[in-house]
There are 2 protein chains.
Amino acid sequence: MDPARPRSRRARGQAGARRPVYDAASLLAVAVAEFNTRGYDATSMEDLSRAAGITKSSFYHHVSGKEDLLRAALERALDGLFAILQERHARSGRPVDRLRYIVRRQVEVLQAELPYVTLLLRVRGNTATERWALERRRSFDATIAELVREAAAAGQVRADVDSAVAARLLSGTVNSIVEWYRPGRPGAGELPEDVVRTVFEGVLPRG
Amino acid sequence: MDPARPRSRRARGQAGARRPVYDAASLLAVAVAEFNTRGYDATSMEDLSRAAGITKSSFYHHVSGKEDLLRAALERALDGLFAILQERHARSGRPVDRLRYIVRRQVEVLQAELPYVTLLLRVRGNTATERWALERRRSFDATIAELVREAAAAGQVRADVDSAVAARLLSGTVNSIVEWYRPGRPGAGELPEDVVRTVFEGVLPRG
(Lines give C-alpha, C1' and ligand atoms only; values in the text may rest on other atoms or scores of the structure.)
Protein backbone atom coordinates (compact mmCIF):
# COMPACT_ATOMS: atom_id res chain seq x y z
CA MET A 1 0.00 0.00 0.00
CA ASP A 2 1.08 3.56 -0.66
CA PRO A 3 1.99 5.09 2.70
CA ALA A 4 1.43 8.61 1.34
CA ARG A 5 -2.21 7.89 0.57
CA PRO A 6 -4.71 9.22 3.09
CA ARG A 7 -6.44 6.45 5.00
CA SER A 8 -10.12 6.09 5.63
CA ARG A 9 -11.70 7.99 8.52
CA ARG A 10 -12.28 4.88 10.54
CA ALA A 11 -8.78 3.51 10.04
CA ARG A 12 -7.27 6.86 11.10
CA GLY A 13 -9.57 7.20 14.09
CA GLN A 14 -9.01 3.69 15.41
CA ALA A 15 -5.31 3.79 14.81
CA GLY A 16 -4.99 7.20 16.44
CA ALA A 17 -6.75 5.91 19.54
CA ARG A 18 -4.81 2.69 20.07
CA ARG A 19 -2.07 1.73 17.64
CA PRO A 20 0.36 3.07 15.08
CA VAL A 21 -1.44 3.98 11.85
CA TYR A 22 0.18 1.28 9.74
CA ASP A 23 -1.50 -1.44 11.77
CA ALA A 24 -5.03 -0.50 10.80
CA ALA A 25 -3.97 -0.05 7.18
CA SER A 26 -2.27 -3.47 7.14
CA LEU A 27 -5.34 -5.10 8.67
CA LEU A 28 -7.42 -3.52 5.94
CA ALA A 29 -5.10 -4.94 3.27
CA VAL A 30 -5.32 -8.42 4.86
CA ALA A 31 -9.11 -8.20 5.06
CA VAL A 32 -9.49 -7.10 1.44
CA ALA A 33 -7.31 -9.99 0.25
CA GLU A 34 -9.53 -12.42 2.20
CA PHE A 35 -12.75 -10.83 0.91
CA ASN A 36 -11.49 -11.10 -2.68
CA THR A 37 -10.44 -14.73 -2.25
CA ARG A 38 -13.36 -16.12 -0.23
CA GLY A 39 -16.08 -13.63 -1.07
CA TYR A 40 -17.25 -11.12 1.53
CA ASP A 41 -20.26 -13.15 2.74
CA ALA A 42 -18.18 -16.28 3.26
CA THR A 43 -15.44 -14.50 5.27
CA SER A 44 -15.75 -14.58 9.07
CA MET A 45 -13.90 -12.44 11.67
CA GLU A 46 -12.23 -15.76 12.56
CA ASP A 47 -10.88 -16.04 9.00
CA LEU A 48 -9.69 -12.43 9.14
CA SER A 49 -7.86 -12.73 12.45
CA ARG A 50 -6.25 -16.00 11.35
CA ALA A 51 -5.07 -14.36 8.09
CA ALA A 52 -3.67 -11.42 10.07
CA GLY A 53 -1.94 -13.74 12.55
CA ILE A 54 -3.55 -12.08 15.59
CA THR A 55 -6.30 -13.10 18.01
CA LYS A 56 -9.89 -12.26 17.29
CA SER A 57 -9.96 -9.98 20.35
CA SER A 58 -6.91 -8.04 19.11
CA PHE A 59 -8.72 -7.68 15.83
CA TYR A 60 -11.71 -6.17 17.64
CA HIS A 61 -9.43 -3.44 19.07
CA HIS A 62 -9.22 -2.08 15.53
CA VAL A 63 -12.65 -2.62 14.05
CA SER A 64 -16.11 -3.36 15.36
CA GLY A 65 -16.86 -5.94 12.65
CA LYS A 66 -16.20 -7.01 9.10
CA GLU A 67 -18.66 -4.53 7.61
CA ASP A 68 -16.42 -1.71 8.92
CA LEU A 69 -13.54 -3.18 6.95
CA LEU A 70 -15.70 -3.57 3.87
CA ARG A 71 -16.75 0.06 4.12
CA ALA A 72 -13.19 1.32 4.59
CA ALA A 73 -12.01 -0.74 1.60
CA LEU A 74 -14.84 0.38 -0.66
CA GLU A 75 -14.33 4.00 0.45
CA ARG A 76 -10.70 3.76 -0.55
CA ALA A 77 -11.61 2.51 -4.06
CA LEU A 78 -14.41 5.04 -4.52
CA ASP A 79 -12.36 7.97 -3.18
CA GLY A 80 -9.63 7.10 -5.69
CA LEU A 81 -12.08 7.04 -8.59
CA PHE A 82 -14.06 10.16 -7.58
CA ALA A 83 -10.83 12.13 -7.04
CA ILE A 84 -10.15 11.75 -10.78
CA LEU A 85 -13.30 13.70 -11.60
CA GLN A 86 -11.95 16.68 -9.62
CA GLU A 87 -8.70 16.84 -11.57
CA ARG A 88 -8.26 19.79 -13.95
CA HIS A 89 -8.19 17.78 -17.20
CA ALA A 90 -11.34 15.92 -16.16
CA ARG A 91 -13.17 19.20 -15.60
CA SER A 92 -12.22 21.40 -18.51
CA GLY A 93 -11.61 20.95 -22.19
CA ARG A 94 -13.54 19.22 -24.97
CA PRO A 95 -15.79 16.39 -23.69
CA VAL A 96 -13.85 13.77 -25.69
CA ASP A 97 -10.53 14.96 -24.23
CA ARG A 98 -11.95 14.93 -20.69
CA LEU A 99 -13.20 11.40 -21.36
CA ARG A 100 -9.83 10.26 -22.65
CA TYR A 101 -8.13 11.74 -19.59
CA ILE A 102 -10.58 10.05 -17.21
CA VAL A 103 -10.16 6.64 -18.87
CA ARG A 104 -6.38 6.87 -18.59
CA ARG A 105 -6.57 7.90 -14.92
CA GLN A 106 -9.17 5.20 -14.17
CA VAL A 107 -6.72 2.56 -15.40
CA GLU A 108 -3.96 4.12 -13.27
CA VAL A 109 -6.15 4.13 -10.14
CA LEU A 110 -7.20 0.57 -10.85
CA GLN A 111 -3.54 -0.48 -11.12
CA ALA A 112 -2.56 1.38 -7.92
CA GLU A 113 -5.58 0.24 -5.88
CA LEU A 114 -6.15 -3.16 -7.50
CA PRO A 115 -7.51 -5.17 -4.53
CA TYR A 116 -9.81 -2.33 -3.42
CA VAL A 117 -11.24 -1.72 -6.88
CA THR A 118 -11.59 -5.50 -7.43
CA LEU A 119 -13.67 -5.71 -4.25
CA LEU A 120 -15.75 -2.72 -5.36
CA LEU A 121 -16.51 -4.32 -8.71
CA ARG A 122 -17.65 -7.58 -7.08
CA VAL A 123 -20.09 -5.91 -4.69
CA ARG A 124 -23.62 -7.28 -5.19
CA GLY A 125 -25.73 -5.23 -2.77
CA ASN A 126 -26.42 -7.76 0.02
CA THR A 127 -25.72 -5.30 2.88
CA ALA A 128 -26.35 -1.59 3.50
CA THR A 129 -22.65 -0.89 2.89
CA GLU A 130 -22.70 -2.77 -0.40
CA ARG A 131 -25.83 -0.93 -1.54
CA TRP A 132 -24.18 2.39 -0.64
CA ALA A 133 -21.10 1.45 -2.70
CA LEU A 134 -23.26 0.33 -5.66
CA GLU A 135 -25.06 3.68 -5.52
CA ARG A 136 -21.74 5.56 -5.58
CA ARG A 137 -20.52 3.39 -8.48
CA ARG A 138 -23.70 4.14 -10.40
CA SER A 139 -23.17 7.84 -9.82
CA PHE A 140 -19.59 7.58 -11.16
CA ASP A 141 -20.81 5.65 -14.23
CA ALA A 142 -23.57 8.22 -14.77
CA THR A 143 -20.94 10.98 -14.92
CA ILE A 144 -19.06 9.03 -17.60
CA ALA A 145 -22.26 8.34 -19.53
CA GLU A 146 -23.16 12.04 -19.45
CA LEU A 147 -19.72 12.93 -20.81
CA VAL A 148 -20.11 10.36 -23.64
CA ARG A 149 -23.47 11.96 -24.48
CA GLU A 150 -21.91 15.43 -24.53
CA ALA A 151 -19.05 14.20 -26.73
CA ALA A 152 -21.54 12.51 -29.10
CA ALA A 153 -23.67 15.68 -29.27
CA ALA A 154 -20.53 17.62 -30.20
CA GLY A 155 -19.67 15.07 -32.93
CA GLN A 156 -16.54 13.98 -31.05
CA VAL A 157 -17.74 10.39 -30.55
CA ARG A 158 -19.31 8.18 -33.23
CA ALA A 159 -23.05 8.64 -33.72
CA ASP A 160 -23.77 5.15 -35.08
CA VAL A 161 -23.41 3.47 -31.67
CA ASP A 162 -25.96 4.44 -29.00
CA SER A 163 -24.08 6.62 -26.50
CA ALA A 164 -25.47 4.77 -23.47
CA VAL A 165 -24.16 1.51 -24.96
CA ALA A 166 -20.80 3.15 -25.80
CA ALA A 167 -20.50 4.37 -22.20
CA ARG A 168 -21.25 0.90 -20.81
CA LEU A 169 -18.75 -0.76 -23.15
CA LEU A 170 -16.14 1.82 -22.19
CA SER A 171 -16.62 1.24 -18.44
CA GLY A 172 -16.82 -2.51 -19.02
CA THR A 173 -13.50 -2.53 -20.88
CA VAL A 174 -11.73 -0.55 -18.17
CA ASN A 175 -13.22 -2.59 -15.32
CA SER A 176 -12.44 -5.93 -16.98
CA ILE A 177 -8.75 -5.27 -16.31
CA VAL A 178 -9.13 -6.37 -12.66
CA GLU A 179 -9.78 -9.91 -13.94
CA TRP A 180 -6.26 -10.35 -15.30
CA TYR A 181 -3.97 -7.43 -14.42
CA ARG A 182 -1.34 -8.20 -11.78
CA PRO A 183 1.22 -5.60 -10.58
CA GLY A 184 4.74 -6.04 -11.86
CA ARG A 185 3.51 -7.59 -15.11
CA PRO A 186 5.66 -6.55 -18.08
CA GLY A 187 4.02 -3.70 -19.98
CA ALA A 188 2.13 -2.47 -16.88
CA GLY A 189 3.38 1.07 -17.52
CA GLU A 190 1.91 1.09 -21.03
CA LEU A 191 -1.47 -0.26 -19.96
CA PRO A 192 -3.26 3.10 -19.44
CA GLU A 193 -2.22 4.27 -22.91
CA ASP A 194 -3.00 0.85 -24.48
CA VAL A 195 -6.51 1.02 -23.04
CA VAL A 196 -7.02 4.61 -24.24
CA ARG A 197 -5.88 3.68 -27.77
CA THR A 198 -8.03 0.54 -27.89
CA VAL A 199 -11.16 2.20 -26.52
CA PHE A 200 -10.94 5.36 -28.62
CA GLU A 201 -9.45 4.07 -31.87
CA GLY A 202 -10.30 0.36 -31.77
CA VAL A 203 -8.07 -2.62 -32.52
CA LEU A 204 -7.84 -1.99 -36.27
CA PRO A 205 -4.69 -0.27 -37.58
CA ARG A 206 -5.05 3.52 -37.87
CA GLY A 207 -6.55 4.24 -41.27
CA MET B 1 -34.92 -21.13 -22.95
CA ASP B 2 -34.69 -22.25 -26.54
CA PRO B 3 -36.52 -25.59 -26.84
CA ALA B 4 -34.56 -26.46 -29.99
CA ARG B 5 -31.28 -26.35 -28.11
CA PRO B 6 -29.85 -29.77 -27.13
CA ARG B 7 -29.91 -30.33 -23.39
CA SER B 8 -27.07 -31.64 -21.28
CA ARG B 9 -26.49 -35.39 -21.09
CA ARG B 10 -27.72 -35.63 -17.53
CA ALA B 11 -30.86 -33.56 -18.15
CA ARG B 12 -31.78 -35.76 -21.14
CA GLY B 13 -31.04 -38.99 -19.28
CA GLN B 14 -33.01 -38.10 -16.15
CA ALA B 15 -35.90 -36.68 -18.06
CA GLY B 16 -36.09 -39.68 -20.37
CA ALA B 17 -36.21 -42.00 -17.37
CA ARG B 18 -38.80 -40.21 -15.26
CA ARG B 19 -40.31 -36.98 -16.49
CA PRO B 20 -41.05 -34.96 -19.60
CA VAL B 21 -37.89 -33.27 -20.93
CA TYR B 22 -38.99 -29.73 -20.12
CA ASP B 23 -38.92 -30.44 -16.40
CA ALA B 24 -35.20 -31.05 -16.16
CA ALA B 25 -34.55 -28.02 -18.36
CA SER B 26 -36.82 -25.84 -16.20
CA LEU B 27 -35.09 -27.02 -13.04
CA LEU B 28 -31.78 -26.08 -14.57
CA ALA B 29 -33.10 -22.59 -15.36
CA VAL B 30 -34.36 -22.21 -11.77
CA ALA B 31 -31.04 -23.40 -10.35
CA VAL B 32 -28.99 -21.04 -12.52
CA ALA B 33 -31.12 -18.07 -11.46
CA GLU B 34 -30.52 -19.00 -7.80
CA PHE B 35 -26.77 -19.51 -8.33
CA ASN B 36 -26.52 -16.11 -10.01
CA THR B 37 -28.49 -14.36 -7.25
CA ARG B 38 -27.04 -16.05 -4.14
CA GLY B 39 -23.70 -17.25 -5.44
CA TYR B 40 -23.11 -20.96 -6.06
CA ASP B 41 -21.41 -21.67 -2.71
CA ALA B 42 -24.21 -20.01 -0.73
CA THR B 43 -27.02 -21.92 -2.52
CA SER B 44 -28.30 -25.12 -0.86
CA MET B 45 -30.46 -27.89 -2.35
CA GLU B 46 -33.09 -26.55 0.08
CA ASP B 47 -32.93 -23.13 -1.62
CA LEU B 48 -33.19 -24.78 -5.03
CA SER B 49 -36.20 -26.93 -4.24
CA ARG B 50 -37.94 -23.96 -2.58
CA ALA B 51 -37.29 -21.81 -5.67
CA ALA B 52 -38.64 -24.59 -7.92
CA GLY B 53 -41.71 -25.06 -5.71
CA ILE B 54 -41.12 -28.80 -5.26
CA THR B 55 -39.92 -30.96 -2.39
CA LYS B 56 -36.25 -31.68 -1.92
CA SER B 57 -36.89 -35.36 -2.60
CA SER B 58 -38.62 -34.57 -5.92
CA PHE B 59 -35.60 -32.48 -6.78
CA TYR B 60 -33.34 -35.46 -6.13
CA HIS B 61 -35.28 -37.46 -8.73
CA HIS B 62 -33.73 -35.17 -11.32
CA VAL B 63 -30.22 -34.50 -10.08
CA SER B 64 -27.86 -36.05 -7.60
CA GLY B 65 -26.74 -32.68 -6.19
CA LYS B 66 -26.12 -29.06 -6.94
CA GLU B 67 -22.74 -29.66 -8.60
CA ASP B 68 -24.59 -31.63 -11.34
CA LEU B 69 -26.69 -28.56 -12.02
CA LEU B 70 -23.63 -26.34 -12.02
CA ARG B 71 -21.94 -28.64 -14.52
CA ALA B 72 -24.98 -28.79 -16.82
CA ALA B 73 -25.31 -24.98 -16.73
CA LEU B 74 -21.62 -24.36 -17.40
CA GLU B 75 -21.67 -26.97 -20.20
CA ARG B 76 -24.52 -25.16 -21.84
CA ALA B 77 -22.62 -21.84 -21.79
CA LEU B 78 -19.35 -23.41 -22.95
CA ASP B 79 -21.00 -25.50 -25.69
CA GLY B 80 -22.62 -22.32 -27.02
CA LEU B 81 -19.30 -20.48 -27.12
CA PHE B 82 -17.21 -23.35 -28.54
CA ALA B 83 -19.82 -24.02 -31.25
CA ILE B 84 -19.01 -20.56 -32.66
CA LEU B 85 -15.43 -21.62 -33.35
CA GLN B 86 -16.72 -24.44 -35.59
CA GLU B 87 -18.77 -22.13 -37.77
CA ARG B 88 -17.52 -21.52 -41.31
CA HIS B 89 -16.75 -17.79 -40.95
CA ALA B 90 -14.82 -18.48 -37.75
CA ARG B 91 -12.64 -21.02 -39.54
CA SER B 92 -11.80 -19.49 -42.87
CA GLY B 93 -10.96 -16.04 -44.16
CA ARG B 94 -8.58 -13.32 -43.03
CA PRO B 95 -7.76 -13.52 -39.29
CA VAL B 96 -9.29 -10.07 -38.67
CA ASP B 97 -12.54 -11.10 -40.41
CA ARG B 98 -12.72 -14.35 -38.45
CA LEU B 99 -12.17 -12.33 -35.27
CA ARG B 100 -14.92 -9.86 -36.18
CA TYR B 101 -17.29 -12.76 -36.88
CA ILE B 102 -16.47 -14.47 -33.58
CA VAL B 103 -16.99 -11.28 -31.55
CA ARG B 104 -20.41 -10.70 -33.15
CA ARG B 105 -21.46 -14.31 -32.50
CA GLN B 106 -20.09 -14.22 -28.94
CA VAL B 107 -22.40 -11.28 -28.18
CA GLU B 108 -25.31 -13.17 -29.76
CA VAL B 109 -24.63 -16.30 -27.68
CA LEU B 110 -24.26 -14.17 -24.57
CA GLN B 111 -27.65 -12.54 -25.27
CA ALA B 112 -29.33 -15.91 -25.97
CA GLU B 113 -27.75 -17.75 -23.02
CA LEU B 114 -27.41 -14.83 -20.60
CA PRO B 115 -27.89 -16.60 -17.23
CA TYR B 116 -25.62 -19.50 -18.25
CA VAL B 117 -22.82 -17.27 -19.53
CA THR B 118 -23.19 -15.00 -16.46
CA LEU B 119 -22.68 -18.03 -14.22
CA LEU B 120 -19.68 -19.11 -16.30
CA LEU B 121 -18.04 -15.71 -15.97
CA ARG B 122 -18.45 -15.70 -12.18
CA VAL B 123 -16.86 -19.11 -11.65
CA ARG B 124 -13.87 -18.85 -9.31
CA GLY B 125 -12.49 -22.41 -9.22
CA ASN B 126 -13.60 -23.61 -5.76
CA THR B 127 -14.79 -27.05 -6.97
CA ALA B 128 -13.59 -29.58 -9.57
CA THR B 129 -16.46 -28.54 -11.87
CA GLU B 130 -15.53 -24.87 -11.57
CA ARG B 131 -11.86 -25.61 -12.29
CA TRP B 132 -12.89 -27.64 -15.35
CA ALA B 133 -15.01 -24.70 -16.59
CA LEU B 134 -12.19 -22.21 -15.95
CA GLU B 135 -9.85 -24.43 -17.95
CA ARG B 136 -12.30 -24.52 -20.88
CA ARG B 137 -12.76 -20.74 -20.68
CA ARG B 138 -8.99 -20.29 -20.77
CA SER B 139 -8.81 -22.50 -23.84
CA PHE B 140 -11.50 -20.41 -25.57
CA ASP B 141 -9.66 -17.18 -24.68
CA ALA B 142 -6.39 -18.67 -25.92
CA THR B 143 -7.99 -19.31 -29.32
CA ILE B 144 -9.06 -15.65 -29.49
CA ALA B 145 -5.61 -14.47 -28.39
CA GLU B 146 -3.95 -16.61 -31.09
CA LEU B 147 -6.27 -15.10 -33.71
CA VAL B 148 -5.39 -11.57 -32.54
CA ARG B 149 -1.69 -12.47 -32.84
CA GLU B 150 -2.24 -13.80 -36.38
CA ALA B 151 -4.19 -10.67 -37.33
CA ALA B 152 -1.44 -8.45 -35.86
CA ALA B 153 1.29 -10.40 -37.72
CA ALA B 154 -0.67 -9.85 -40.95
CA GLY B 155 -0.94 -6.10 -40.22
CA GLN B 156 -4.73 -6.37 -39.84
CA VAL B 157 -4.71 -5.27 -36.19
CA ARG B 158 -2.80 -2.31 -34.78
CA ALA B 159 0.81 -3.02 -33.85
CA ASP B 160 1.17 -0.30 -31.19
CA VAL B 161 -0.90 -2.22 -28.61
CA ASP B 162 0.49 -5.52 -27.36
CA SER B 163 -1.63 -8.25 -28.95
CA ALA B 164 -2.05 -10.17 -25.68
CA VAL B 165 -3.39 -6.99 -24.07
CA ALA B 166 -5.63 -6.31 -27.09
CA ALA B 167 -7.05 -9.84 -26.84
CA ARG B 168 -7.77 -9.43 -23.12
CA LEU B 169 -9.44 -6.05 -23.64
CA LEU B 170 -11.52 -7.52 -26.45
CA SER B 171 -12.73 -10.45 -24.32
CA GLY B 172 -13.22 -8.12 -21.35
CA THR B 173 -15.41 -5.79 -23.37
CA VAL B 174 -17.60 -8.61 -24.68
CA ASN B 175 -17.91 -10.31 -21.29
CA SER B 176 -18.73 -7.06 -19.47
CA ILE B 177 -22.10 -7.08 -21.23
CA VAL B 178 -23.49 -9.64 -18.75
CA GLU B 179 -23.25 -6.96 -16.05
CA TRP B 180 -25.93 -4.75 -17.61
CA TYR B 181 -27.61 -6.41 -20.62
CA ARG B 182 -31.18 -7.59 -20.01
CA PRO B 183 -33.29 -9.29 -22.72
CA GLY B 184 -35.99 -7.16 -24.27
CA ARG B 185 -34.01 -3.97 -23.74
CA PRO B 186 -34.48 -1.51 -26.62
CA GLY B 187 -31.57 -1.75 -29.04
CA ALA B 188 -30.84 -5.40 -28.11
CA GLY B 189 -30.85 -6.35 -31.81
CA GLU B 190 -28.15 -3.79 -32.59
CA LEU B 191 -25.89 -4.82 -29.71
CA PRO B 192 -23.72 -7.37 -31.59
CA GLU B 193 -22.98 -4.83 -34.33
CA ASP B 194 -22.48 -1.99 -31.79
CA VAL B 195 -19.90 -4.11 -29.96
CA VAL B 196 -18.12 -5.03 -33.20
CA ARG B 197 -17.92 -1.37 -34.25
CA THR B 198 -16.74 -0.21 -30.85
CA VAL B 199 -14.11 -2.93 -30.43
CA PHE B 200 -12.72 -2.71 -33.97
CA GLU B 201 -13.04 0.98 -34.74
CA GLY B 202 -13.22 2.58 -31.29
CA VAL B 203 -15.61 5.22 -29.98
CA LEU B 204 -14.16 8.05 -32.07
CA PRO B 205 -16.02 9.03 -35.26
CA ARG B 206 -14.71 7.26 -38.38
CA GLY B 207 -11.84 9.37 -39.77
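Here is how names work: the chains are called A, B, and so on, in the same order as the sequence lines, proteins then strands, and each is numbered from 1.
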Check your understanding: For B:Val148, is it the side chain, the backbone, both, or neither that has a heavy atom closer than 4.5 Å to a heavy atom of chain A?
Key -> neither
Exercise for review: Could you check if a side-chain atom of B:Trp132 sits within less than 4.5 angstrom of a side-chain atom of B:Leu74, using non-hydrogen atoms only?
Suggested key: yes
Point to revise | Per-residue contact mode, B:Arg185 against chain A (heavy atom under 4.5 angstrom) | key: side chain
Study note, to complete from the structure: Pair count under 4.5 Å, heavy atoms only, with chain B: among A:Gln156, A:Glu179, A:Arg124, highest is A:Arg124
Study note, to complete from the structure: If you tally heavy-atom pairs under 4.5 Å between each of B:Val157, B:Thr37, B:Asn126, B:Asp41 and chain A, the highest tally belongs to B:Val157
Check your understanding: With only heavy atoms counted, which part of A:Asp160 is less than 4.5 Å from chain B, the side chain, the backbone, both or neither?
Key -> both
Exercise for review: Would you mind reporting whether A:Leu121 and A:Arg137 have side-chain heavy atoms less than 4.5 Å apart?
Suggested key: yes
Study note, to complete from the structure: Expected contact set for residues 94-106 of chain B against chain A at heavy-atom separation under 4.5 Å reads B:Val96, B:Arg100
Practice item. In sequence, state the C-alpha distance, the side-chain angles, and the governing distance for A:Arg50 and A:Glu46, and then conclude on salt bridge (charged side-chain N to carboxylate O under 4.0 Å, His left out). Key: CA-CA 6 Å; A:Arg50 197 179 312 116; A:Glu46 203 95 52; 5.2 Å; no
Check your understanding: Have A:Glu130 and A:Thr127 got a donor and an acceptor in their side chains that come within less than 3.5 Å?
Key -> yes
Practice item. Tell me, for B:Asp194 versus chain A, whether the close heavy atoms (under 4.5 Å) come from the side chain, the backbone, both or neither. Key: both
Review point. Using a distance-only test with no angle check, is there a side-chain donor-acceptor pair under 3.5 angstrom linking B:Ser176 and A:Ser176?
Key: no
Review point. Do B:Phe59 and B:Val30 touch side chain to side chain, with heavy atoms closer than 4.5 Å?
Key: no
Review point. Looking just at side-chain N and O atoms, do A:Ser64 and A:Asp68 make a donor-acceptor pair shorter than 3.5 Å?
Key: yes
Review point. Just checking, A:Arg122 and A:Tyr40: is the charged tip under 6.0 Å from the six-membered ring centre and within 45° of the axis?
Key: no
Exercise for review: Answer yes or no: is there a donor N or O on one side and an acceptor on the other, between the side chain of A:Asn175 and the main chain of A:Ser171, under 3.5 Å?
Suggested key: yes
